[in-house]
Amino acid sequence: TQRDEMRQSVDLQGVDFATALSVIEAARQMWEGTTRTLCTEEELEGRYRIRGELGRGSVGTVYRAIRVEDAEELAVKVIEHGDSAVERASAIDECALWMAVSSPYHPSILPLLEVIEVIGSESLHLITLKMEWGTLAEALQDVEVETCEQSTRMMMIQLVSAVEHLHIVHSIAHRDI
């Protein structure tokens with residue numbers, strides 16, 4: 001069952017299963033109470049213009065996008081979930097956990113602004129702010145040699161602070177680091 005699969009993955013990470021399950025259950029309850037936008041593919045394209053891929057992760061692909069309404073540059077994470085109930089539940093868990101960690105605010109964790117479900121699609125679109133300096137790889141390319149140690153130290157402080165926030169405030173272990 002999905003619960004057994006989750007128990008195995010959590011046990012492999014060395015996290016107490018009961019704690020992890022309670023976090024996921026709380027996040028799912030938050031998901032149920034969240035307003036999600038249901039629209040057609042054309043309506044989505046009328047609201048956001050995709051401008052290229054930023055990166056791929058274990059859960060989805062992140063794209064650079066422009067919000068048509070105000071020309072703000074944002075990021076859109078697309079989670080393809082297929083048509084199985086287990087895959088859809090996993091996609092919903094990802095959204096729910098992101099909503100949970102968006103509050104309280106942390107300056108190094110991008111807040112989830114909107115979740116869009118496209119009618120007839122097997123994907124969820126998560127709209128979030130985009131990091132001003134792009135991806136971590138792009139930021140590191142722009143670092144001058146003289147300030148490399150100082151810049152790296154500042155980036156690591158921000159990263160560790162965000163991970164600490166996830167661990168302490170939300171009891172969540174980030175698996176993509």
Side-chain angles (χ1 to χ4, degrees), residues 5-28 30-31 34 48 50-67 70-81 90-116 123-177:
E5 289 174 21
M6 198 166 64
R7 180 185 300 272
Q8 287 174 350
S9 74
V10 171
D11 286 344
L12 288 175
Q13 295 175 27
V15 177
D16 175 73
F17 179 70
T19 301
L21 190 59
S22 68
V23 168
I24 290 170
E25 291 301 327
R28 280 186 182 159
M30 182 179 273
W31 166 262
T34 299
Y48 298 97
I50 302 297
R51 296 290 184 238
E53 185 177 308
L54 290 172
R56 292 179 178 267
S58 62
V59 177
T61 304
V62 180
Y63 298 94
R64 179 176 283 123
I66 304 295
R67 184 169 45 205
D70 58 8
E72 183 174 2
E73 191 171 31
L74 300 169
V76 177
K77 182 175 187 175
V78 179
I79 302 173
E80 302 287 341
H81 58 71
S90 179
I92 288 171
D93 286 348
E94 171 75 7
C95 294
L97 287 172
W98 198 345
M99 282 187 272
V101 301
S102 290
S103 180
Y105 171 78
H106 186 280
S108 296
I109 297 176
L110 294 172
L112 183 60
L113 303 175
E114 182 178 17
V115 177
I116 299 176
S123 63
L124 295 173
H125 295 70
L126 288 67
I127 314 300
T128 187
L129 298 177
K130 182 184 158 294
M131 297 302 289
E132 290 178 26
W133 40 265
T135 66
L136 181 57
E138 291 168 344
L140 291 173
Q141 287 176 351
D142 292 338
V143 173
E144 295 179 25
V145 175
E146 299 83 40
T147 62
C148 184
E149 183 179 338
Q150 181 180 4
S151 295
T152 302
R153 183 180 301 119
M154 290 306 299
M155 286 182 206
M156 290 306 298
I157 287 170
Q158 292 172 12
L159 177 67
V160 170
S161 172
V163 171
E164 177 185 49
H165 178 81
L166 291 175
H167 289 189
I168 292 172
V169 175
H170 299 289
S171 299
I172 294 174
H174 194 299
R175 63 188 178 136
D176 289 341
I177 294 177

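Because the structure is predicted, anything quoted here is derived from the model rather than measured.
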Visitor: Between G60 and K77, which heavy-atom pair has the shortest distance, and what is it?
Guide: N-CE, 4.2 Å
Visitor: Between Y63 and E53, what is the shortest heavy-atom contact and its length?
Guide: CD2-CA, 3.8 Å
Visitor: Would you check, one step at a time, whether the test side-chain contact (heavy atoms from CB on, under 4.5 Å) holds for L74 with L129?
Guide: CA-CA 5 Å; L74 300 169; L129 298 177; 4.0 Å; yes
Visitor: Does the distance from a Lys or Arg side-chain N to an Asp or Glu carboxylate O, for E73 and R51, drop under 4.0 Å?
Guide: no
Visitor: Quick one: closest heavy-atom pair of I79 and V59, and the distance?
Guide: CG2-O, 3.7 Å
Visitor: In Å, rounded to the nearest 0.5 Å, how long is the span from CG of L124 to CD of E80?
Guide: 9.0 Å
Visitor: If I take atom CD1 from residue I109 and atom OG from residue S161, how far apart are they, to the nearest 0.5 angstrom?
Guide: 8.0 Å
Visitor: Identify the heavy atoms of S123 and H81 that sit nearest to each other, and give their distance.
Guide: N-NE2, 3.4 Å
Visitor: To the nearest 0.5 angstrom, please state how far the CD atom of E164 sits from the NE2 atom of H167.
Guide: 9.5 Å
Visitor: Supply the atom-to-atom distance C95 SG to L126 CG, rounded to the nearest 0.5 angstrom.
Guide: 4.0 Å
Visitor: For the atom pair NZ (K130) and CD1 (I66), what is the distance rounded to the nearest 0.5 Å?
Guide: 8.5 Å
Visitor: Roughly how far apart are E94 CD and L112 CG, rounded to 0.5 Å?
Guide: 9.5 Å
Visitor: Could you give me the CA-CA distance, side-chain angles and deciding distance for V62 and T128, then say whether side-chain contact (heavy atoms from CB on, under 4.5 Å) is met?
Guide: CA-CA 10 Å; V62 180; T128 187; over 6 Å; no
